[in-house]
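All remarks here apply to the structure that follows.
Keep in mind that the numbers below use all heavy atoms, side chains included, and drop hydrogens, waters and symmetry copies.
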Amino acid sequence: QVQLVESGGGLVQAGGSLRLSCAASGRTFSSYAMGWFRRAPGKEREFVAAISWAGGRTNYAGSVKGRFTISRDNAKNMLYLQMNSLKPEDTAVYYCAAPESRYVVTMTSDYKYWGQGTQVTVSS
């Protein structure tokens, strides 16, 4: 059974940085793509970033491009999201997710496994 556990969320001022981590277990981590999503209060869950199985390809939502960086360490079964220049509109619960694909996918429906989420709050 695939398990995904996020950590690293918290409260930060606008302009600050946070690094989210996701520990994965239950299958061969290095064989699959991974992604980050978020759900802001009163909104639908939305795609943030995704990375291919070997880390060679990435994709970002337009709202975070240039500020967020997704990365992975296949030796440690870890996924990361470095978030810089944070804005109040980045406030959301952030989810780590795993699809059945090796390649970058961006639709919520493409992802089969989900973590429980970590809260990120950006104050103005």
Check your understanding: Where the side chain of Arg72 meets the backbone of Phe29, is there a donor-acceptor pair that is under 3.5 Å apart?
Key -> yes

**Study point:** Derivation and outcome, side-chain contact (heavy atoms from CB on, under 4.5 Å), residues Trp114 and Cys96
**Key:** CA-CA 6 Å; Trp114 296 84; Cys96 170; over 6 Å; no

Point to revise | Side chain to side chain, Tyr95 and Leu4, heavy atoms closer than 4.5 Å | key: no

Review point. Any chain of hydrophobic side-chain contacts (each under 4.5 Å) joining Tyr113 to Phe37?
Key: no

Review point. Can the positive tip of Arg57 be found less than 6.0 Å from the middle of the six-membered ring of Tyr103, inside 45° of the ring normal?
Key: no

**Study point:** Candidate pair Gln82 and Ser71, rule side-chain contact (heavy atoms from CB on, under 4.5 Å), full reasoning
**Key:** CA-CA 8 Å; Gln82 178 66 44; Ser71 62; over 6 Å; no

Check your understanding: Is there a side-chain contact between Glu46 and Arg38, using heavy atoms and a 4.5 Å cut-off?
Key -> yes

Check your understanding: Checking side chain to side chain contact (heavy atoms under 4.5 Å, CB included) against Val122, which of Leu86, Leu18, Leu11 comes through?
Key -> Leu86

Check your understanding: Got Met83 and Val12 here, is their nearest side-chain heavy-atom distance under 4.5 Å?
Key -> no

Exercise for review: Determine, stepwise, if the pair Gln119 / Thr91 fulfils side-chain contact (heavy atoms from CB on, under 4.5 Å).
Suggested key: CA-CA 8 Å; Gln119 176 70 48; Thr91 295; 4.0 Å; yes

Check your understanding: In terms of the angle between their ring planes, are Phe68 and Tyr94 parallel, tilted or perpendicular, with boundaries placed at 30° and 60°?
Key -> tilted

Exercise for review: Can you see which heavy atom on Ser30 is nearest to which on Trp53, and at what distance?
Suggested key: O-CE3, 3.3 Å

Study note, to complete from the structure: All heavy atoms of Val105 vs all of Phe47, minimum pair found to be O-CE1, 4.0 Å

Exercise for review: Any chance you could measure Ile70, atom CD1, to Asn59, atom CG, to the nearest 0.5 Å?
Suggested key: 9.5 Å

Point to revise | Non-hydrogen atoms of Thr28 and Tyr32 that approach each other most closely | key: O-CD1, 3.3 Å

Check your understanding: With the 4.5 Å side-chain cut-off for hydrophobic clustering, are Tyr60 and Val104 part of the same group?
Key -> no

Review point. Does Arg45 count as lying over the ring of Tyr111, i.e. NZ or CZ under 6.0 Å from the six-ring centre, within 45 degrees of the axis?
Key: no

Exercise for review: Nearest 0.5 Å please: distance from the CZ atom of Arg102 over to the OG atom of Ser52.
Suggested key: 9.5 Å

Practice item. Compare every heavy atom of Thr106 with every heavy atom of Asp110, then report the nearest pair and how far apart it is. Key: OD2-N, 3.8 Å

Check your understanding: Backbone N or O of Gln116 within a donor-acceptor pair of the Glu6 side chain at under 3.5 Å?
Key -> yes

**Study point:** Gap between atom OG of Ser63 and atom CG of Asp90 - 0.5 Å precision
**Key:** 7.0 Å

Point to revise | Salt bridge flag under 4.0 Å for residues Glu100 and Arg27 | key: yes

Review point. Rounded to the nearest 0.5 Å, how far does CE of Met34 lie from CG of Leu81?
Key: 11.5 Å

Check your understanding: For the residue pair Ser17 and Ser85, what are the closest heavy atoms and their distance?
Key -> OG-N, 4.4 Å

Check your understanding: Under a 4.5 Å cut-off applied to non-hydrogen side-chain atoms, are Ile51 and Leu79 in contact?
Key -> yes

Revision key, fill the gap. Heavy-atom closest pair (Pro88 atom, Ala14 atom, distance to 0.1 Å) is CD-CB, 4.1 Å

